[in-house]
Trainee: 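Shown below is the structure under consideration.
Just so it is clear, the structure is predicted and the values come from calculations on it, not from any experiment. Whatever order the structure lists them in is the order used to number ligands and atoms, beginning at 1.
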Amino acid sequence: MNRLNFIELKELSFGYTSNKTIIKRLNLKISKDEVTSIVGSNGSGKTTLGKLMMGILKPTIGGVYILDEDVSQMSLALVGSKIGYLFQNPEKHFFTNTLEEELGFILKFKDVNELSIQQQIDELIEIFELNHLRKSSPLLLSQGEKQRLAIATILINKPEYLILDEPTTGLDIERKRELLNQLNQLREEGIGMTVISHDQFIIEELSQRVIKIHRGEIIDDQRN
Ligand SMILES: Nc1ncnc2c1ncn2[C@@H]1O[C@H](COP(=O)(O)OP(=O)(O)OP(=O)(O)O)[C@@H](O)[C@H]1O
């Protein structure tokens with residue numbers, strides 16, 4: 001397997017305040033060819049790590065590199081064109097009145113014509129089985145529908161890689177299976193993924209590599 005490093009962390013350290021280090025000198029290479037799960041107990045630093053990987057948070061020491069490019073030198077929009085980030089709370093993604101508007105929003109700011117916007121919206125609505133909800137308010141959807149819409153809004157930007165923070169929160173086993181199928185389909189299309197999760201089902205079914213974090217340090221790194 002070609003394990004080209006997609007994301008690399010070098011001596012990465014971070015604290016929200018100067019007196020408490022949350023991420024401690026992490027060194028890690030993440031390949032696009034396998035799904036990587038990041039696991040660990042509450043408060044171990046998983047979400048913080050995900051936000052550092054996206055450049056949403058800035059390291060105190062060390063750095064994050066996407067395909068050898070220093071994330072601190074990249075705009076959030078540029079990082080966002082390469083990596084789609086699913087927030088722990090999918091509602092953080094929504095700010096329009098209907099599901100269709102939500103999906104088309106980003107494309108309106110790019111040089112994309114109306115017909116192409118509509119085609120891309122229709123395609124994602126089909127994949128994520130949201131057709132009956134086109135005119136619904138994103139905030140009124142069920143948890144599973146919100147997760148699917150949030151992932152669809154990320155995919156419309158055509159990222160090469162996804163970082164998914166707790167993608168199965170609030171989903172029953174049937175909805176988890178549906179999401180798993182959709183994520184596996186994306187993998188087959190060549191989209192890489194890191195999944196931050198407590199959910200044993202999604203970790204076991206989706207990932208080939210499991211990294212365990214404890215108090216901001218890697219304490220285990222296993223491949224299936
Ligand atoms: N904005 C913030 N300001 C200050 N401290 C924070 C902030 N966000 C998180 N923390 C602290 O950083 C530590 C790591 O939090 P983080 O959310 O990264 O953990 P986590 O492993 O994702 O937890 P969980 O599994 O509960 O989501 C915790 O002690 C948390 O209280």
Trainee: What is the closest protein heavy atom to atom 21 (O) of ligand 1, and at what distance does it sit?
Mentor: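 Answer, as residue, atom name and distance: Lys46 NZ, 2.8 Å.
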Trainee: Does any donor atom in the side chain of Glu126 or Asn131 lie under 3.5 Å from an acceptor atom in the other side chain?
Mentor: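 No, no side-chain donor-acceptor pair sits under 3.5 Å.
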Trainee: Should you measure from each heavy atom of His198, which atoms of ligand 1 turn up under 4.0 Å away?
Mentor: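 Those of ligand 1 that fall under 4.0 Å from His198 are 25 (O).
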Trainee: Scan the protein's non-hydrogen atoms and note whether one is under 4.0 Å from atom 31 (O) of ligand 1.
Mentor: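 It does not; no protein heavy atom is within 4.0 Å.
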Trainee: Which is closest to atom 19 (O) of ligand 1 by heavy-atom distance: Gly216, Gly45, Ser197?
Mentor: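 Considering heavy atoms of Gly216, Gly45, Ser197, the nearest to atom 19 (O) of ligand 1 sits in Gly45.
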Trainee: Side chains of Thr98 and Glu102: do they bring a donor and an acceptor to under 3.5 Å?
Mentor: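 No, no side-chain donor-acceptor pair sits under 3.5 Å.
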Trainee: Give the residue and atom name of whichever protein heavy atom lies nearest to atom 26 (O) of ligand 1, and the separation in Å to one decimal.
Mentor: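 In this structure, atom 26 (O) of ligand 1 has Asn42 ND2, 2.9 Å as its nearest protein heavy atom.
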Trainee: Can you give me the closest heavy-atom contact between Ala152 and Leu124, atom names plus distance?
Mentor: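 The answer is O-CD1, 3.6 Å.
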Trainee: Check this for me - ligand 1, Gly43, N or O atoms closer than 3.5 angstrom, yes or no?
Mentor: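 N/O-N/O distance below 3.5 Å exists for this pair.
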Trainee: For atom 18 (O) of ligand 1, what is the nearest protein heavy atom, given as residue, atom name and distance?
Mentor: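 It is Thr48 OG1, 2.5 Å.
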Trainee: Report yes or no: does a heavy atom of Ser44 sit under 4.0 Å from some atom of ligand 1?
Mentor: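 Ser44 counts as a contact of ligand 1 under the 4.0 Å cut-off.
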Trainee: Short list, please: which atoms of ligand 1 are under 4.0 Å from a heavy atom of Lys20?
Mentor: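 So the answer, numbered in order with elements, is 29 (O).
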Trainee: Would you check if there is a donor-acceptor pair between the side chains of Asp165 and Thr47 at a distance under 3.5 Å?
Mentor: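 Side chains of Thr47 and Asp165: pair found under 3.5 Å.
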Trainee: Around atom NZ of Lys29, are there more than 12 heavy atoms of other residues, nucleotides or ligands at under 6.0 Å?
Mentor: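 No, not enclosed.
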Trainee: Between Asp199 and Ser197, do the side chains contain an N or O donor and an N or O acceptor separated by less than 3.5 Å?
Mentor: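 Absent: no donor and acceptor within the cut-off.
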Trainee: Check this for me - ligand 1, Glu166, N or O atoms closer than 3.5 angstrom, yes or no?
Mentor: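 Min N/O separation from ligand 1 is not below 3.5 Å for Glu166.
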Trainee: Give a yes/no verdict on a cation-pi contact between Lys146 and Phe94, requiring under 6.0 Å between NZ or CZ and the six-membered ring centre and an angle within 45° of the axis.
Mentor: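 Checked: cation-pi criterion not met.
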Trainee: Do any heavy atoms of Lys51 fall under 4.0 Å from ligand 1?
Mentor: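 It does not; every heavy atom stays at 4.0 Å or beyond.
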Trainee: Starting from atom 10 (N) of ligand 1, locate the nearest protein heavy atom and write down its residue, its atom name and how far away it is, to 0.1 Å.
Mentor: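 Result for atom 10 (N) of ligand 1: Tyr16 CE1, 3.4 Å.
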Trainee: Which atoms of ligand 1 have any heavy atom of Ser41 under 4.0 Å away?
Mentor: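 Taking each heavy atom of Ser41 in turn, ligand 1 has 21 (O) under 4.0 Å.
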Trainee: Test of understanding: given a 4.0 Å heavy-atom threshold, classify the contact between Arg215 and ligand 1 as side chain, backbone, both, or neither.
Mentor: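 Contact part for Arg215 vs ligand 1: neither.
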Trainee: Check whether any side-chain heavy atom of Glu8 lies under 4.5 Å from a side-chain heavy atom of Asn5, and answer yes or no.
Mentor: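 Of all side-chain heavy-atom pairs linking Asn5 with Glu8, at least one is under 4.5 Å.
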Trainee: Hey, is Arg148 close enough to Glu129 for a salt bridge, meaning N to O under 4.0 Å?
Mentor: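 Glu129 and Arg148: not salt-bridged.
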Trainee: Between Glu145 and Ser142, does any side-chain donor sit less than 3.5 Å from a side-chain acceptor?
Mentor: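 Yes, because at least one side-chain N or O of Glu145 sits under 3.5 Å from a partner of the opposite role on Ser142.
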Trainee: Write out the residue and atom name of the closest protein heavy atom to atom 27 (O) of ligand 1, then the distance separating them to 0.1 Å.
Mentor: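 The closest heavy atom on the protein side is Gln88 NE2, 3.1 Å.
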Trainee: Under 4.0 Å between a Lys/Arg side-chain N and an Asp/Glu carboxylate O for Asp122 and Arg134?
Mentor: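 Judged by the 4.0 Å cut-off on N to carboxylate O distance, Asp122 and Arg134 do form a salt bridge.
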Trainee: Among all protein non-hydrogen atoms, which one is nearest to atom 17 (O) of ligand 1, and what is the separation to 0.1 Å?
Mentor: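 Looking at atom 17 (O) of ligand 1, the protein heavy atom closest to it is Thr47 CB, 3.7 Å.
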Trainee: Enumerate the atoms of ligand 1 whose separation from the nearest heavy atom of Ile22 is less than 4.0 angstrom.
Mentor: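 This gives 12 (O), 13 (C), 14 (C) as the contact atoms.
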